Peer 1: 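Next up is a structure, given as structure tokens.
As the structure is a prediction and not an experimental result, all values here were calculated from the model.
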Amino acid sequence: MTTSRRTPADTPAAALSGTLVGAQAQPDIGTTRLRLDLSYDGSGFHGWSVQPGLRTVQEVLAEALGRALALPAGPPPLTVAGRTDAGVHARGQVVHVDLPPIPYDGAGLARAINRQLAPEIVVRRAEEVGREFDARRSATGRTYRYLVWNAPEPDPLLAPIAWHVSDALDLVAMRTASDVLLGSHDFRSFCRRPPGTDASEPIVRRVTRAAWSIDAGPEALDADGVMPTDPGPDPGPGPGSEARLLRFEISASSFCHQMVRSLVAALVDVGRGKGNAAALLERLRAASRQSMPEPAPAAGLCLVSVDYSGKRIPTA
């Protein structure tokens with residue numbers, strides 16, 4: 001007797017998305033929970049979450065898992081630490097998945113997936129964890145990086161991962177304004193509110209780090225999010241300034257939709273001389289997106305790491 005299998009096109013979106021489009025998926029008895037640490041180039045994807053008719057990281061990864069393990073029920077549900085938008089990259093994304101007994105250890109499963117998806121999506125590590133671990137709910141913080149190529153001319157090799165800004169930028173002013181963001185604030189001015197939610201409801205987030213540096217290059221960032229040493233003092237804006245790759249690193253307990261890209265756009269405006277730290281604080285307190293600049297382009301944003309410190313991360 002032959003067991004029929006659904007093709008990816010026949011698989012409902014809810015089956016792929018797990019917690020992301022409905023109630024949390026309940027693990028079946030006899031399954032094992034695995035944690036997958038991922039990196040991906042978001043350029044060719046319409047974000048993480050499954051969307052009908054669009055290519056997403058979640059759908060492609062789930063289908064690769066289904067093929068590697070020949071799962072009769074099709075692609076498994078995945079729970080992710082942080083959903084990324086279209087065009088946004090990741091160096092340290094974390095996913096958990098519940099799987100039946102499989103013919104691989106963690107390293108073997110990573111190789112089986114990477115043979116299908118690398119270099120666009122790479123599983124850097126796969127390991128068995130206890131049932132208490134939840135990629136999203138167990139996380140205590142997340143760190144994002146945004147790159148700005150500040151130079152008269154664009155760089156074709158940096159274009160996929162950095163926003164080209166040709167205007168002279170005052171990095172000292174941008175650093176001073178970033179300090180305004182530290183602590184707990186209502187970030188309604190910098191967040192795209194989900195449809196159907198009450199506009200009067202605060203969107204409070206706690207920012208623990210917000211800092212600009214001059215980056216020696218994107219290769220200077222290791223996969224665990226260690227900051228490189230600033231190679232020298234800010235040469236300052238104005239004619240004759242050398243081209244430089246600017247890096248904004250921000251850590252928070254959690255983020256709301258388009259928060260980092262909106263903050264970067266506002267801080268770059270400060271660097272252009274269109275405002276200062278006091279003006280940014282006023283925007284923050286206004287709790288309104290009215291008259292805010294468009295968010296910075298998605299290509300410059302990368303999820304660097306997810307923090308589980310302070311939480312006991314159980315192993316099997």
Side-chain angles (χ1 to χ4, degrees), residues 40-48 82-91 142-182 185 187-193 203 205 207 209-215 217-218 221 225 237 243-252 254-277 279-281 283-284 286 288-304:
Y40 51 81
D41 175 358
S43 304
F45 297 101
H46 289 267
W48 165 266
R83 285 170 282 184
T84 50
D85 289 340
V88 175
H89 315 293
R91 293 294 302 270
R142 296 153 179 86
T143 295
Y144 281 88
R145 176 201 75 198
Y146 197 97
L147 296 177
V148 173
W149 177 237
N150 187 207
E153 301 295 336
D155 185 315
L157 298 184
L158 289 174
I161 59 169
W163 177 21
H164 174 231
V165 176
S166 59
D167 300 323
L169 297 178
D170 184 343
L171 185 55
V172 173
M174 292 161 67
R175 284 170 164 164
T176 301
S178 297
D179 290 342
V180 167
L181 308 175
L182 298 175
H185 301 281
F187 280 95
R188 271 182 287 175
S189 297
F190 298 96
C191 294
R192 183 177 177 182
R193 183 176 290 278
I203 303 177
R205 297 294 186 269
V207 174
R209 175 182 173 83
W212 288 91
S213 63
I214 302 173
D215 199 329
L221 175 66
R244 54 193 180 163
L245 185 64
L246 303 182
R247 174 181 179 166
F248 180 61
E249 191 103 357
I250 183 167
S251 301
S254 61
F255 291 87
C256 44
H257 191 202
Q258 292 189 349
M259 176 175 163
V260 180
R261 291 167 56 200
S262 296
L263 288 172
V264 169
L267 289 166
V268 166
D269 267 1
V270 169
R272 287 170 166 147
K274 300 177 181 178
N276 52 27
L280 186 68
L281 180 59
R283 279 183 169 181
L284 186 62
S288 170
R289 288 180 67 85
Q290 187 174 1
S291 301
M292 289 292 293
E294 286 294 314
L301 185 60
C302 180
L303 173 59
V304 173

Peer 1: Between Ser288 and Arg188, is there a side-chain heavy-atom distance shorter than 4.5 Å?
Peer 2: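 No, side chains not in contact.
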
Peer 1: Got Tyr40 and Thr84 here, is their nearest side-chain heavy-atom distance under 4.5 Å?
Peer 2: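 Result yes, sub-4.5 Å side-chain heavy-atom pair found.
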
Peer 1: Under the rule for side-chain contact (heavy atoms from CB on, under 4.5 Å), what residues qualify as partners of Pro295, not counting sequence neighbours?
Peer 2: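 side-chain contact (heavy atoms from CB on, under 4.5 Å) list for Pro295, sorted by chain: Gln258, Arg261, Ser262, Arg289.
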
Peer 1: Measuring from Asn276:CG to Thr176:OG1, what's the distance to the nearest 0.5 Å?
Peer 2: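 OG1 of Thr176 is found 9.5 Å from CG of Asn276.
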
Peer 1: Indicate whether the side chain of Ser251 and that of Tyr144 have a donor and an acceptor atom separated by less than 3.5 Å.
Peer 2: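 Ser251 vs Tyr144: no donor-acceptor pair found between side chains.
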
Peer 1: Looking at side-chain heavy atoms only, is the closest gap between Trp212 and Val148 below 4.5 Å?
Peer 2: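 With C-beta onward as the side chain, the pair touches.
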
Peer 1: Is the closest side-chain donor-acceptor distance between His257 and Asp85 under 3.5 Å?
Peer 2: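 Per modelled atom types, His257 and Asp85 side chains form a pair under 3.5 Å.
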
Peer 1: Is there side-chain contact between Met292 and Phe190, with at least one heavy-atom pair below 4.5 Å?
Peer 2: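 Result yes, sub-4.5 Å side-chain heavy-atom pair found.
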
Peer 1: Could you check whether any side-chain N or O of Asp170 sits under 3.5 Å from a backbone N or O of Val270, counting only pairs where one atom can act as donor and the other as acceptor?
Peer 2: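 Side chain of Asp170 to backbone of Val270, a donor-acceptor pair under 3.5 Å: no, none is there.
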
Peer 1: Measuring from Phe187:CZ to Met259:CE, what's the distance to the nearest 0.5 Å?
Peer 2: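 CE of Met259 is found 4.0 Å from CZ of Phe187.
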
Peer 1: Donor-acceptor pair, distance only, cut-off 3.5 Å: does the side chain of His89 make one with the backbone of Gly42?
Peer 2: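 Yes, the answer is positive, given that a donor and an acceptor are paired below the 3.5 Å cut-off.
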
Peer 1: Within a strict 4.5 Å, meaning less than it, do heavy atoms of the Arg283 and Val180 side chains meet?
Peer 2: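 SC-SC contact between Arg283 and Val180 ruled out.
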
Peer 1: For His164 and Asn150, indicate whether the former's side chain and the latter's backbone hold a donor-acceptor pair under 3.5 Å.
Peer 2: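 Side chain of His164 to backbone of Asn150: no pair is present.
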
Peer 1: Is any side-chain heavy atom of Phe255 closer than 4.5 Å to a side-chain heavy atom of Val260?
Peer 2: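 Result yes, sub-4.5 Å side-chain heavy-atom pair found.
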
